Amino acid sequence: GAGVSQSPSNKVTEKGKDVELRCDPISGHTALYWYRQSLGQGLEFLIYFQGNSAPDKSGLPSDRFSAERTGGSVSTLTIQRTQQEDSAVYLCASSLGPALAGGLETQYFGPGTRLLVL
Amino acid sequence: KQEVTQIPAALSVPEGENLVLNCSFTDSAIYNLQWFRQDPGKGLTSLLLIQSSQREQTSGRLNASLDKSSGRSTLYIAASQPGDSATYLCAAAITGTYKYIFGTGTRLKVLA
């Protein structure tokens, strides 16, 4: 079966522009995570979805960042008025069960979207 | 604030060696810990997940242990192979949240 897919794989944009990053989780996976991996740094948690709701969005760095999930499937991460410090790899992961589910939390990652803000 | 540290940052070993990667976390209130590998330019692949009530998990040549009281986890790789070359990341799930805190990884190179 297909794994987690993300699009675009690479995105170059100018400072101040808005960007949308898309994540298609594995079919049937109820949980979805967004992370950011900056050069030389570890993965940084951004937001967690269970179904279409986001019980934990504490990792979003500013109000320029938002995310939504529709139909319990596809998720979009939107960055408004991009800044150079937003340049990073944005990774999406999904898991079969919700967090705290006891054994269903194994996360499957997509290949990421490499964002470069000029 | 939970902090996750991985030592060493980089490791180079000859093929066939057994090796241990270390992961330490400052807050023992975790509900699981996962080990991942990341190949250059790719996403992460989950290797092992240890629930907080477990002490270890094994998969093939990999064995991960968890000691919550000391805030440590180790990943043991037996009979290393060049195909094991990658960056290995550990991530701790914080109790009461949905957040995973990742370490900065150990870059492993296994020489043929």
Side-chain angles (χ1 to χ4, degrees), chain A residues 3-7 9-10 21 23-26 29-51 53-60 88-114, chain B residues 1-10 21-27 29-54 57 59 62 64 66 86-107:
Chain A
V4 178
S5 61
Q6 293 186 244
S7 60
S9 54
N10 292 281
L21 311 180
C23 172
D24 282 89
I26 293 173
H29 280 199
T30 62
L32 187 147
Y33 303 79
W34 282 98
Y35 297 91
R36 178 170 70 175
Q37 187 172 34
S38 302
L39 188 63
Q41 298 186 24
L43 266 75
E44 176 188 13
F45 167 87
L46 298 178
I47 188 170
Y48 163 75
F49 285 94
Q50 181 54 40
S53 63
D56 192 338
K57 51 181 77 173
S58 62
L60 294 177
V89 177
Y90 290 82
L91 291 161
C92 172
S94 69
S95 63
L96 181 61
L100 310 179
L104 300 179
E105 306 101 323
T106 297
Q107 294 180 52
Y108 297 84
F109 278 78
T113 292
R114 287 156 189 76
Chain B
K1 178 184 174 184
Q2 178 72 278
E3 293 184 0
V4 179
T5 305
Q6 291 188 245
I7 296 174
L21 308 182
N22 296 293
C23 172
S24 61
F25 44 95
T26 55
D27 187 344
I30 65 171
Y31 68 82
N32 71 43
L33 187 136
Q34 295 193 53
W35 282 93
F36 298 86
R37 69 173 280 168
Q38 185 173 29
D39 294 282
K42 297 187 178 180
L44 280 67
T45 301
S46 179
L47 298 173
L48 291 163
L49 183 154
I50 312 176
Q51 300 292 344
S52 61
S53 58
Q54 297 174 323
Q57 284 285 331
S59 176
L62 305 179
L66 175 64
T87 295
Y88 289 80
L89 299 161
C90 66
I94 302 175
T95 298
T97 78
Y98 302 99
K99 184 179 295 188
Y100 281 82
I101 305 297
F102 279 77
T104 51
T106 294
R107 295 183 306 281

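Reminder, nothing fancy here: chain letters follow the sequence lines and each chain counts from 1. Quantities reported herein were computed from a predicted structural model and do not represent experimental measurements.
With a 4.5 angstrom heavy-atom cutoff, B/Leu89 touches chain A only via side-chain atoms. Only the side chain of A/Leu91 has a heavy atom closer than 4.5 Å to any heavy atom of chain B. Proximity to chain A (any heavy atom under 4.5 Å) is shown, for B/Gln6, by neither the backbone nor the side chain. Using a 4.5 Å cut-off between heavy atoms, B/Lys99 contacts chain A through both its backbone and its side chain. Residue A/Gln6: no heavy atom, backbone or side chain, is found under 4.5 Å from chain B.
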Determine whether B/Phe36 and A/Phe109 satisfy the following criterion, ring-ring contact (aromatic ring centres under 6.0 Å, His included), listing intermediate values before the conclusion.
CA-CA 10 Å; B/Phe36 298 86; A/Phe109 278 78; 5.4 Å; yes
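A pairwise comparison of heavy atoms in B/Lys42 and A/Arg114 identifies N-NH2, 3.7 Å as the closest pair.
Checked against a 6.0 Å centroid threshold, the rings of A/Tyr35 and B/Tyr100 do not count as neighbours.
Enclosure of atom CZ in B/Arg107 is not indicated, since only 12 or fewer non-hydrogen atoms of other residues, nucleotides or ligands lie within 6.0 angstrom.
The distance from atom OH of A/Tyr108 to atom OG1 of B/Thr45, rounded to the nearest 0.5 Å, is 10.5 Å. Atom CD1 in B/Ile101 sits 9.0 Å away from atom CD in A/Glu44 (nearest 0.5 Å).
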